[in-house]
2 protein chains.
Amino acid sequence: MRKGTSEDVRRENLTAVLRALMVGGNMSRAELGRLTGRNRSTVASLVSDLAVLGLVDEQDPVTDGTVGRPSHGVALSTSVAAFAVHPEVDALTVAIVGLDAQVRRKVRHEFKQIPSMMDVVMLASTIMAAMGADDSGFRITGIGVAVPGLVRTVDGLVRNAPHLEWRDAPLGQAFAEAMSLPVHVANDAQLGALAERDYGAGRGVSDFVYLNGGASGIGGAIIAGGALLGGAHGYAGELGHTPVSGSDRVDTVGIPGSLEAEVTREEIVTLLGGGHMDPEALESALLSDRSDPVRAAVARQHGYLAIALGTVVNVLNPERVVLGGFLASLLAYDPQGLRAALEARTLAPAMEGVDIVSAQLGANLLLIGAAHRALEPLVDDPASRSWGSTD
Amino acid sequence: MRKGTSEDVRRENLTAVLRALMVGGNMSRAELGRLTGRNRSTVASLVSDLAVLGLVDEQDPVTDGTVGRPSHGVALSTSVAAFAVHPEVDALTVAIVGLDAQVRRKVRHEFKQIPSMMDVVMLASTIMAAMGADDSGFRITGIGVAVPGLVRTVDGLVRNAPHLEWRDAPLGQAFAEAMSLPVHVANDAQLGALAERDYGAGRGVSDFVYLNGGASGIGGAIIAGGALLGGAHGYAGELGHTPVSGSDRVDTVGIPGSLEAEVTREEIVTLLGGGHMDPEALESALLSDRSDPVRAAVARQHGYLAIALGTVVNVLNPERVVLGGFLASLLAYDPQGLRAALEARTLAPAMEGVDIVSAQLGANLLLIGAAHRALEPLVDDPASRSWGSTD
DNA sequence: AGCCATTTGTTCGTCGTCGCCACTAACCTA
DNA sequence: TAGGTTAGTGGCGACGACGAACAAATGGCT
C-alpha cells in the first residue's frame, strides 16, 4: 500500500497464492487460479517463483477423475517453519511449526517454580539451538512468543504478566540478543485468536470475539474486519478485566469485581470435588453433574460472562463469539442459558445472527498462532530475500 | 485488493493523490509527489487524469519565495460534492458538501412533531431536487444520511432510532426510489467520528474512540487502524448502552443502569437552572458554576463515564478518546478529575499515553461525515465512470 | 546584469507485470 | 479411436511507474 508500483502487484499476488494455500490447503494450480481470480499464465508464473524461493513444491499432475488435462499440484514446503515459544507458570513449550500449521517438533519442559524471564530465554534458546541443528532441514524464519500478559508489540516488552510475575520484562530484546532471528512477542489470546481465525472456529468470519478461560485467568482478543485488533500498542482485547459486579473480589491485577475475578475455573473445579483436572476431565465432569449447586454456579458465571460479552457485542457488533478453555465447558453446560443471558444484555439488532461457539483448536492453538505470527513477514513479502538463505 | 492488475495500481495512486489533497489541503504538484512518494512524472500524469475527470483543478505555478522552478498548484474541484441529510427529532438538515469538506449549501427545516420516515424522505427529496437544480453547477455523486440510531449499512435499513421512533424503517430503499443517486445511510456518531478523523480531533490518529453526548442520548464510534469499525452489520460503537450501574433508571431503549441512563445532559441542565440551552451556553454556564451540587453531579457522571470508557480502553487500547457534545463540557469542567477516574478503572499500560480531548468540529460535523461517506466510492475509484456524467 | 545552483516540468525510453491468444498436452466419454 | 474438455506453455500487447536527459523558472551571489 505504501509505494504503488508494479512490483507491489507482484508481491500482493504472491501472498495471495500463499494465503490461499495456507487457508485452503494444498491444491492444484487450476484451483489456485480460480480461487485467486488470476489468469492461468499468471498463476503458473507465481507458483514458479514461489517454488524457486523454496516456499512451495510443484508436484506432478494428478488425475482426479474429471475430464480435461490434469493440473499440477502445489504444496506448501514442509521445511519452511518458525519457532513457537510459550512460557507458562509451570512449563515452557517450544515447537517448530510449518507454513502448513503442522507442529513438526515439540518440547515441553516443566518448571518447579515460576521461571524468571531469563530462565525462559536461556532455556528456550538452548532448546531452539538443539532443534534447529543444521541437519534438521528446516528453514526457520523467526521466533514467535506467546506470553500470558500485556505485551508491547513493537519491541516485545512484556508490560505485565501477572502469573509469571514479570513486569516490564524486555523479552523481545533478550531473545533478539540470544538468537539471531527476528522475534515477535505477543499476547497469548491474540495469537490464539489468529490461529482460530485461520484454522479453527473463526474460518471465514471477519468479525469475532475470542475469549479464553485458562487456569490462570481470562484472556481475550478481537478480530475485526479480518484482522487482529491490536490498538495503539498491542494491548487490545483485555476483556478479563471488565467490571461485571460490585463485589470486592479482585483479579490477578487487582481490579475488583472484574470478569476474571468472578468467573473462575477454580470455583467450578472446587464444586466438582477439586483436585487436578485437565480440560477434558473438567468438561466431562461438569457436563455430568446437574446438581443444584453446580447449576447455580454456572448460571451465576453465565450472568457475569453475559455482562462482559454484552458490552463487547454492543460495541463491536461481531458475527461470532468464540469461547475457549473452561469457558467452552461453561458454554457446553447450558448453551441456551448463556445465550439468553447475553440476549438480555445486548441491543437486539447487534445480537441478531451472533453465534456462540467453542474454540476448535486444541493444545497446539498457541503454538500455531505464535509461529504464524513469526511467518507473517515472509507471507506478506515472499520475494524479499531478507529471510533464510540457508541453502 | 481484489484483483491484482496494473489498473489497480493506477486506481490506488489516483486515490492516494486525492486523499492527500483532502487531508492536507490544496498543495503543489511537487508537495504531492513528496507526500505520496511517487515520481515527478507519475504525479504529473495522475493529476492530469484527475483534472480530466473534473476532480481537481490545475492552477498556474505560484512563486513561494524558495529557490527553484515554481510548481503547479493542485486544488480540489469545488463543484464535486454530495448531499448530506440529517434527520433529527425536531428538524431536518440537508446540505451540499464538497470534496474539500466545505458546506456549500445548507437548509434546515424545523418540525412541529416527530417526523415519520416518509416525512423525512419526501421533504429531503424536495429540498435536494431544488438544490441540485441543473444550473447549480454541482456534480453530485450521492446522498449520505446520518441517522441517530442503529442502521444496517448494507441496505440502509434503520433498525431502531428511538428518538425518531422509527423501527425497521427502510430509509435507504425509500431514498433510492425517490432519488436516482447512490444512497449511504449510517449511524450519526460513526459519521461524526469519520469527520473528526479526517478534519478534527482525530487527525493522524489511527486508533481512537469517539463519544458524543447529544440532547437525546450518547452515541459512539470506534476508529481502529485508521478505519471505522463497523462490525458485522454496521452496528458497532454503541457505547451508550453499556451497563455502568445497578440502578433501574433506563435509557432510551430500555436498558437499566446504562451509561446513557446515568450520564444525561438533562440532569446538568436542570441543576444549572433549566431552560433551553444551546451547547455553547451550556458549557459556559457549567464552567462558571462551581457549586457543590454541580461538582457532585459532574463527579458522579465522570465516574460512570469512566466505567464505560475504562472497558473500552482496556478492550481497544486506543490512542485517544474524543468527547463531543455535552460530554466535552463535562470534560472541560474537570479534565484531571475525569482522567483520574479513568485511570482507576483501566490497566495502566493500556491507559498510558491516552489523551482525552474535545471534539473539534462544530455544527457541520455530521454533514461533513455524511457527505464524505457518499463521496467515498468516488475517492476509492476516481476513474470509474459510474458517477456523474453531468457534462 | 550575469552566472550558478536548485527545483520542477516535460518527454521519452525501459522495465516489470498481467491478460489474452493460439497452440499443445492430457484426460474422459462414447 | 474420435471428439470434447480442461490445463500447461510461450509469445504478444497493453498498461503504468520509474529514471534520465533536457528545458524552464526561480533565488542567491558576485
Side-chain angles (χ1 to χ4, degrees), chain A residues 1-17 20 26-53 56-74 381-385, chain B residues 1-18 20 26-53 56-74 381-384:
Chain A
M1 197 192 273
R2 183 61 262 182
K3 264 300 185 66
T5 165
S6 51
E7 274 130 22
D8 290 313
V9 176
R10 187 60 165 187
R11 185 168 44 70
E12 269 177 38
N13 284 346
L14 287 172
T15 56
V17 168
N26 297 341
M27 60 182 86
S28 74
R29 247 156 64 173
E31 290 175 275
L32 222 32
R34 276 188 293 269
L35 217 62
T36 60
R38 269 65 163 179
N39 190 284
R40 272 217 301 274
S41 19
T42 307
V43 174
S45 162
L46 291 168
V47 169
S48 160
D49 268 24
L50 291 174
V52 170
L53 290 165
V56 305
D57 295 315
E58 277 201 279
Q59 299 162 336
D60 291 333
V62 158
T63 301
D64 62 343
T66 64
V67 284
R69 178 175 178 173
S71 187
H72 291 261
V74 182
D381 190 1
S384 93
R385 292 305 182 85
Chain B
M1 195 192 272
R2 184 59 257 180
K3 265 298 184 71
T5 165
S6 51
E7 276 132 21
D8 292 312
V9 177
R10 187 61 166 184
R11 184 168 43 71
E12 269 177 39
N13 285 345
L14 288 171
T15 318
V17 168
L18 221 42
N26 297 341
M27 61 182 87
S28 74
R29 245 158 65 173
E31 290 174 274
L32 223 32
R34 276 189 294 269
L35 216 65
T36 60
R38 267 63 159 180
N39 189 284
R40 269 214 306 275
S41 23
T42 308
V43 174
S45 161
L46 291 168
V47 169
S48 159
D49 267 25
L50 290 175
V52 170
L53 290 165
V56 304
D57 295 315
E58 274 200 280
Q59 300 161 336
D60 290 334
V62 159
T63 302
D64 62 343
T66 64
V67 53
R69 175 174 180 173
S71 187
H72 291 262
V74 183
D381 190 1
S384 94

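Computed from a predicted structure; not experimentally measured. Residue numbers start from 1 in every chain, and the chains themselves are labelled A, B, ... in the order their sequence lines are given, proteins ahead of strands.
When the side-chain nitrogen and oxygen atoms of A:Ser71 are compared with OP1 and OP2 of D:dT6, none of them lie within a distance under 4.0 Å. At least one side-chain nitrogen or oxygen of A:Arg10 sits closer than 4.0 Å to the OP1 or OP2 atom of C:dC18. OP1 or OP2 of C:dC18 lies within a sub-4.0 Å distance of a side-chain N or O belonging to A:Asn13.
Overall, the helix from C:dA1-D:dT30 to C:dA30-D:dT1 carries an axis bend of 0° between its ends, with five pairs at each end and the value rounded to 10°.
The side-chain contact (heavy atoms from CB on, under 4.5 Å) check on A:Asp57 picks up A:Ser77, with sequence neighbours excluded. The side chain to side chain donor-acceptor pair (under 3.5 Å) test applied to A:Ser48 returns no partner, not counting sequence neighbours. For A:Ser28, the side chain to side chain donor-acceptor pair (under 3.5 Å) partners at least two apart in sequence or on another chain are A:Glu31. Residues that satisfy the side chain to side chain donor-acceptor pair (under 3.5 Å) test with B:Asn39, not counting sequence neighbours, are B:Ser41. In this structure B:Glu58 satisfies the salt bridge (Lys or Arg N to Asp or Glu O under 4.0 Å) test together with B:Arg29, sequence neighbours excluded.
Ranking C:dG9, C:dC18, D:dG8 by closeness to the A:Thr42 side chain, first place goes to C:dC18. Across D:dC18, C:dC18, D:dT9, the shortest atom-to-atom separation from the side chain of A:Arg29 is found for D:dT9.
Here the closest non-hydrogen pair linking A:His72 and A:Gln59 is ND1-O, 3.3 Å. Contact between B:Ala383 and B:Leu53 at its shortest, heavy atoms only, is CA-CD1, 3.9 Å. What you find for A:Asp8 and A:Arg11 is that their closest heavy atoms are OD1-NH2, 2.8 Å. Nearest heavy-atom pair across A:Ala16 and A:Thr36 is O-CG2, 4.0 Å. Taking each heavy atom of B:Asn26 and B:Val74 in turn, the nearest pair found is CB-O, 3.4 Å. Across all their heavy atoms, A:Val56 and A:Val47 have their closest contact at CG2-O, 3.9 Å.
In this structure, B:Asp8 atom CG and D:dA17 atom C1' are separated by 15 Å, rounded to whole Å. For the pair B:Asp60 CG and D:dA24 C1', the interatomic distance rounds to 15 Å; values are reported in whole Å. Here the P atom of nucleotide C:dT8 and the CE atom of B:Met27 are 14 Å apart, to the nearest Å. In this entry the distance linking CZ of B:Arg38 with P of C:dT8 reads 17 Å, nearest Å. A:Glu12 places its CD atom 10 Å from the P atom of C:dC18, with the value rounded to the nearest Å.
The structure places CG of B:Asp381 at 7.0 Å from OG1 of B:Thr15, a figure rounded to the nearest 0.5 Å.
Mapping B:Glu31 and A:Glu7 onto DNA chain C by nearest heavy atom places B:Glu31 at the nucleotide closer to the 5' end.
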All N/O contacts under 3.5 Å from nucleotides 26-30 of chain C to the protein, with atom names and distances to one decimal?
residue	atom	partner	partner atom	Å
C:dA26	N3	A:Arg69	N	3.3
C:dC27	O2	A:Gly68	N	3.3

Polar atom pairs (N or O), protein with nucleotides 20-23 of chain C, under 3.5 Å:
residue	atom	partner	partner atom	Å
C:dC20	N4	A:Ser41	OG	2.8

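Interface residues of residues 43-51 of chain B facing DNA chain D, ordered by number: none; criterion, heavy-atom separation under 4.0 Å.
For the salt bridge (charged side-chain N to carboxylate O under 4.0 Å, His left out) condition, the pairs that include at least one residue of residues 41-50 of chain A, sequence neighbours left out, are A:Arg10-A:Asp49.
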Can you give me every donor-acceptor pair (side chain of residues 60-69 of chain B, partner residue at least two apart or in another chain, under 3.5 Å) with its distance?
residue	atom	partner	partner atom	Å
B:Asp64	OD1	B:Thr66	N	3.4
B:Asp64	OD1	B:Thr66	OG1	3.0

